[in-house]
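So you know, we letter chains A, B, ... as the sequences are listed, proteins then strands, and number each from 1.
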2 protein chains.
Amino acid sequence: MSLRNALLAMLTSQPMTGYDVYKNFQTSVGYVWHAPDSQIYPELRRMEQDGLIRGETVPWGKRGTKKRYSITEAGVESFRAWLNAPPEYQRERDPVRLRAAYLEWASPTASADFFRAHIAYHSARVEDWEDMIRTLRDHSNPTLAKRLEGKSEEEAERITAYKVFAYEGMIARAQTEIEWAEKGLELVERLERRG
Amino acid sequence: MSLRNALLAMLTSQPMTGYDVYKNFQTSVGYVWHAPDSQIYPELRRMEQDGLIRGETVPWGKRGTKKRYSITEAGVESFRAWLNAPPEYQRERDPVRLRAAYLEWASPTASADFFRAHIAYHSARVEDWEDMIRTLRDHSNPTLAKRLEGKSEEEAERITAYKVFAYEGMIARAQTEIEWAEKGLELVERLERRG
DNA sequence: ATCGCCATGTAATACGTTACATGATTGC
DNA sequence: GCAATCATGTAACGTATTACATGGCGAT
């Protein structure tokens with residue numbers, strides 16, 4: 001049900017078409033939650049049926065039309081309820097640690113490559129999220145700008161602070177992964193020296 | 001395909017029944033990878049069809065029987081191939097960070113409870129994994145003991161080291177989550193003082 | 001006999017990915 | 001005119017969760 005809440009979260013900022021949502025899931029919000037178009041369009045239709053959002057057909061160019069969704073009062077309530085409910089944790093399912101636990105079956109070079117790939121992946125994510133934080137702090141982020149329209153200075157600060165804090169959490173997680181993988185490289189070096 | 005590799009990983013230690021696998025997914029290996037029985041039994045049958053494992057029907061009590069699966073040479077090869085292939089990363093999908101980014105919509109108490117629940121959850125996991133590391137290090141872990149049978153001192157040390165290292169990674173991740181959530185509590189305190 | 005564990009499944013539903021498909025609009 | 005972008009979907013498949021269901025074994 002988190003896809004639904006990710007969509008509601010986005011629509012609390014401003015009305016959007018399915019395509020707008022899709023674009024956001026590829027960049028900004030997509031750094032926290034990603035979904036493909038094939039999942040977005042059907043879910044938006046279901047949410048409209050459930051009364052969480054309202055779609056209006058607006059003209060697009062000469063003949064074309066598009067559907068713009070706005071969050072309803074029921075949608076806001078549903079989103080709030082999710083945020084106020086205790087979190088649910090799913091069971092562990094960690095392919096990276098699963099692999100690491102059985103590296104005695106891999107070749108030394110493959111093991112080292114694995115940790116290097118892990119470092120590269122998370123380093124790239126750190127850069128993405130740091131960029132994201134920059135656009136949040138200097139308010140160059142258009143979605144945030146829209147969200148802050150008509151808000152007091154204090155409110156704006158509060159809203160921004162939670163978003164920055166979320167991305168800081170992502171960065172902290174990624175940095176822990178990088179440190180772990182660096183230790184992994186040392187471990188491989190130590191264990192596979194004579195191979 | 002990671003469920004399949006988690007099953008292969010387990011069966012590299014010793015032949016097991018579906019139920020043995022299920023039990024392991026609730027405890028030891030389950031701390032890294034969990035799966036319910038409804039997923040395990042069908043997958044084992046598919047793997048047997050694909051020639052990765054071989055099932056033999058063995059008696060159980062007077063009339064009962066059970067099916068014990070052993071990994072085949074093809075299974076070992078498939079497992080090795082997975083370990084030697086570069087890792088694949090799926091897109092981000094982080095419900096915790098999604099929530100955190102929108103806490104301006106939650107009540108101050110719900111926000112604080114959220115972070116406290118996060119700390120409690122990860123603290124419990126840290127304890128699980130620390131216990132697990134203890135049983136790995138002192139070789140009281142029966143699955144590991146079976147795995148190390150007939151191995152040289154050096155080999156045994158190598159095999160154990162990777163498993164310990166995997167769990168250390170889980171612990172590091174959890175501790176980062178705890179630190180982040182503690183900062184979250186401070187943030188809520190600071191932002192929601194006047195509410 | 002009854003309870004907890006061992007053993008094995010089916011069914012329904014949800015969630016997620018990949019591939020396939022189409023057509024209009026805007027900008028060069 | 002052509003390419004990139006905007007816009008919206010379907011289909012097939014794979015993965016995961018929850019609920020429902022059954023029956024033998026071993027110990028008290």
Figure out the CD/P separation between A:E43 and D:dT10, and round it to whole Å. 14 Å

Output yes when at least one side-chain N/O atom of B:Y41 is less than 4.0 Å from OP1 or OP2 of C:dG9, else no. no

Integer-rounded Å distance: D:dT15 C1' and B:R46 CZ: 9 Å

For A:D94 and D:dA16, what is the distance between atoms CG and C1' respectively, to the nearest whole Å? 17 Å

In numerical order, the residues of residues 14-30 of chain B whose heavy atoms come under 4.0 Å of DNA chain D are none

In plain terms, say whether B:R125 and B:D128 are close enough for a salt bridge, that is, a side-chain N and a carboxylate O under 4.0 Å apart. yes

May I have the distance from B:Q39 (atom CD) to C:dA14 (atom P), rounded to whole angstrom? 17 Å

Given atom CG of A:L3 and atom P of C:dT17, what is their separation to the nearest angstrom? 10 Å

Find which nucleotide of DNA chain C each of A:P36 and A:S2 is nearest to by heavy atoms, and output the residue with the more 5' nucleotide. A:S2

CD of A:E56: more than 12 outside heavy atoms within 6.0 angstrom? yes

Side-chain N,O (A:R93) to OP1/OP2 (D:dT17) below 4.0 Å: yes

Rounded to the nearest angstrom, tell me the gap between atom CG in A:D37 and atom C1' in C:dT22. 13 Å

Could you state the atom-to-atom distance from CD of A:E48 to C1' of D:dT8 in whole Å? 14 Å

Residue closer to the 5' end of DNA chain C, A:W60 versus B:Q90 (nearest nucleotide): B:Q90

I'd like to know if A:R46 pairs up with A:E43 as an ion pair, taking the criterion as any Lys NZ or Arg NE/NH1/NH2 lying under 4.0 Å from an Asp or Glu carboxylate oxygen. yes

Protein-nucleotide distance (B:D50, atom CG; D:dG14, atom C1'), rounded to Å: 14 Å

So, does B:R45 get its side chain near the phosphate of C:dT10, meaning an N or O under 4.0 Å from OP1 or OP2? yes

Between B:W60 and B:R68, is there a cation-pi geometry (under 6.0 Å to ring centre, at most 45° from the normal)? no

Do A:N5 and A:S2 have a side chain donor and acceptor closer than 3.5 Å? no

Is there a donor-acceptor pair under 3.5 Å between the side chain of A:T72 and the backbone N or O of A:R54? no

Between A:D131 and A:R134, does any side-chain N to carboxylate O distance fall below 4.0 Å? yes

